Amino acid sequence: MPYLGSEDTVRELRRALSNPNVQSDQLRYRNTILKVIRLMSQGVDVSGLFSEMVKACATVDIVQKKLVYVFLCSYATLNPELSLLVINTLRKDCQDPNPMVRSLALRNMTNLRLPSLVEYVEQPLTVGLRDRAACVRRVAVLGWAKLHNLQPSSEIDAAVVNELYGLLRDPDPVVMVNCLRALEEILKEEGGVAINKPIAHHLLNRLKECDVWGQCDVLRILQRYRPQSEDELFDILSLLDASLVSPHSPIMAATLGLFLSLCSGLPAVSLAALERVRGPLLAACGSASREMRFTALCHIQLLLRSVPGLMGAHYKRFFCGYAEPAYIKQRKMQVLVELVNDENVAMLLDELKGYCTDVNTDTAQAAISAIAVVQTMRDLVWVCPQCSSTVCLALEGCEEALQDSQGRQALLWLLGVYGERVSSAPYTLEVFIDGVRSEASLGVKMELLTATMRLFLCRPAETQDMLGRLLHYCIEEETDMCVRDQALLYYRLLHCGIGETRKVLQGRRSDPSLGVLIGRPADPVSQWACSFNTLEPLRHGAVEAESASRGSPEHVTYDPKPKTDLSDTLNCSHPEKAHSGECPCHLCMVNSPTSNMFTSASECSEVQHLKL
């Protein structure tokens with residue numbers, strides 16, 4: 001939105017730019033142009049000064065040229081016809097004896113981004129590829145990539161591609177890297193730049209000459225090359241060994257990515273490389289940049305999947321600082337959980353208990369989850385059913401200490417599955433049912449429905465009344481459709497009879513296939529190597545958090561099929577009862593006012609009988 005009075009300001013600037021007295025004074029002329037650029041950066045529409053600024057680019061003052069070119073590149077698309085007037089000045093500057101002027105003209109000629117000017121730009125760019133000054137060749141190489149991006153459907157000029165391949169051996173390392181970037185853009189549809197043995201060895205030998213980001217680009221592109229012999233492979237690894245412990249984290253990460261790509265068939269070499277990068281990764285975790293620390297933590301989690309003890313001796317490096325942002329604290333806690341062993345468990349528990357009172361609720365919740373006992377007991381009985389008796393004894397009275405929704409879900413699952421062994425199970429569930437209206441967690445409500453249904457199957461006399469009240473609330477008053485639909489499903493399932501209900505709800509209590517608890521097995525490096533040094537590790541934590549929020553260990557993802565019929569799923573053993581006057585419901589044993597099993601919530605009046 002233009003500022004108030006901007007029209008008057010633009011009018012005054014137009015008069016000043018057209019004033020011969022101002023034009024004759026180089027300093028005043030430059031300051032007037034600087035005012036135009038300042039207004040443009042503030043959001044004022046100064047496109048009306050385009051013709052005056054075109055005239056101002058015909059100068060020997062390099063500073064003035066730069067200012068004018070900034071203006072012209074910003075408004076060229078709004079004035080394509082007037083932009084044609086600039087081309088003559090730019091082409092003339094491409095022949096200037098000063099290499100800085102030549103490179104500036106080439107850069108801004110391609111930055112105009114006008115398809116109608118492509119024919120005027122190709123010849124200067126071709127000449128620029130052979131320029132004696134390296135700064136001009138750098139701009140010319142990238143200029144061809146800009147032209148291709150401007151007209152991606154145009155035919156690729158084979159002569160230009162060959163010349164760019166030839167410039168890979170340019171003595172200037174920036175020109176070499178720019179050629180790789182330009183070829184990647186131009187040959188994108190063909191898979192990018194082709195890497196053969198001579199090119200690969202040339203790039204490796206000149207790797208040290210490039211800057212940090214140039215080395216990263218070279219290492220990324222070299223992942224396409226496959227050595228032709230084992231001797232060649234180890235020669236390449238020897239050249240890369242120094243970069244593996246580089247103090248620059250981007251180079252270290254790119255080198256390790258290339259290591260893992262080349263050594264996909266040599267797991268021992270890959271594991272040795274992971275050991276080598278331990279120091280640089282720990283240094284990155286202490287970086288002043290928060291983004292760098294978070295990225296390093298995410299990649300450390302990735303490495304721990306294959307080498308669980310990689311950071312075991314350095315667990316104190318992952319203790320949270322007071323001033324650190326919440327997302328770094330939470331990721332550090334995830335790493336700490338991976339590093340727990342018999343020697344450091346006491347210290348880590350004390351550290352995590354301190355985080356439970358963090359001012360950030362998400363961080364405190366993450367700390368509680370990291371040391372959550374009830375979730376651990378739930379997972380323990382799932383893989384070791386022989387421990388169920390001990391776990392059931394420990395459940396008495398623990399509901400008062402639970403503050404997080406995931407812990408409450410775990411407790412409800414245990415009460416539903418092992419409720420016949422816990423004497424206080426009905427009373428504990430009744431507390432949850434009485435407070436269901438104030439329960440904010442959707443997962444807790446759904447787990448409460450399942451737990452109460454399961455407990456009713458083994459202790460019906462103690463659970464009948466509370467189950468009726470819970471189903472009535474969830475069907476008639478609950479606003480969340482997921483909870484309401486689950487309650488309706490259970491209510492209609494009860495009409496099929498106790499036997500059918502038992503088949504659906506009383507499934508497995510454990511997973512014997514997991515065997516003895518021996519810790520998580522180490523993943524092969526090849527399983528995650530392709531995602532190293534990408535954005536994938538940064539998303540991995542969100543996926544883990546989502547899976548950790550499940551209420552039951554037997555939870556699986558339901559894949560809906562378009563032809564699935566719910567009536568087939570809930571098919572009764574005695575379908576004739578559904579059409580008789582006698583209700584098959586074993587909760588109330590009264591006549592059913594409706595024979596439609598899939599009636600709407602407003603018609604489910606017999607749910608009131610559950611309260612009797």
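Bear in mind that the values here come from a model prediction, so they are computed numbers and not experimental data. Heavy atoms only: backbone and side chains are in, while hydrogens, waters and symmetry mates are out.
Looking only at atom types and distance, the side chain of N178 has a donor-acceptor partner in the side chain of R181 under 3.5 Å away. There is a side-chain donor-acceptor pair under 3.5 Å between Y69 and D93. For the residue pair Q301 / Q334, a side-chain donor-acceptor distance below 3.5 Å is found, with atom types taken as modelled. Checking T534 against E536 by side-chain atom types alone, no donor-acceptor pair falls below 3.5 Å. Using modelled atom types and a 3.5 Å distance limit, the side chains of T9 and K35 yield no donor-acceptor pair. Between the side chains of N111 and K146, at least one donor N or O sits under 3.5 Å from an acceptor N or O. There is no side-chain donor-acceptor pair under 3.5 Å between T110 and W144. No donor-acceptor contact under 3.5 angstrom links the side chains of R113 and S83, judged on distance only. Donor-acceptor pairing under 3.5 Å is lacking for the side chains of D61 and T59.
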### Task
Take D45 and S47, measure what side chain to side chain donor-acceptor pair (under 3.5 Å) needs, and give me the verdict at the end.
CA-CA 6 Å; D45 183 9; S47 58; 2.8 Å; yes
### Message
Run the salt bridge (Lys or Arg N to Asp or Glu O under 4.0 Å) test on E7 and R14 for me, step by step, so that the C-alpha distance in whole Å, both residues' side-chain angles and the decisive distance to 0.1 Å come before the verdict.
### Response
CA-CA 11 Å; E7 295 182 0; R14 180 181 290 108; over 6 Å; no
### Worked check of side chain to side chain contact (heavy atoms under 4.5 Å, CB included) between E232 and K197
CA-CA 10 Å; E232 183 188 359; K197 183 175 180 179; 3.8 Å; yes
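The aromatic rings of F294 and Y327 sit perpendicular, their planes meeting at an angle over 60°, well past the 30° parallel limit.
Under a cut-off of 6.0 angstrom, the local environment of CD in E343 is sparse, with at most 12 non-hydrogen atoms contributed by other residues, nucleotides or ligands. Shown here is E189, whose CD atom has no more than 12 heavy atoms of other residues, nucleotides or ligands within 6.0 Å.
Of the options D172, D131, D170, a salt bridge (charged side-chain N to carboxylate O under 4.0 Å, His left out) to R137 is made by D170 and by none of the others. The side-chain contact (heavy atoms from CB on, under 4.5 Å) test with T363 singles out one residue from E324, Q330, K332, and that residue is Q330.
To the nearest 0.5 angstrom, L150 atom CG is 7.5 Å from L114 atom CG.
By the 4.5 Å heavy-atom criterion applied to side chains, I328 and P325 are counted as neighbours. Side-chain contact between L207 and L222 is absent, with no heavy atoms from C-beta onward closer than 4.5 Å.
The backbone N or O of Q95 lies less than 3.5 Å from no partner atom in the side chain of R102, so there is not a single donor-acceptor pair. Of the possible donor and acceptor atoms, none in the side chain of N79 sits under 3.5 Å from a partner among the backbone N and O of L82. No donor-acceptor pair closer than 3.5 Å links the side chain of N149 to the backbone N or O of E185. Under the 3.5 Å distance criterion, the side-chain polar atoms of R107 are left unmatched by any main-chain donor or acceptor of A140.
A salt bridge is defined here as a Lys NZ or Arg NE, NH1 or NH2 lying under 4.0 Å from an Asp or Glu carboxylate O, and R130 with E163 meets this definition. Using a 4.0 Å cut-off between a side-chain N of Lys or Arg and a carboxylate O of Asp or Glu, E122 and R91 do not qualify as a salt bridge.
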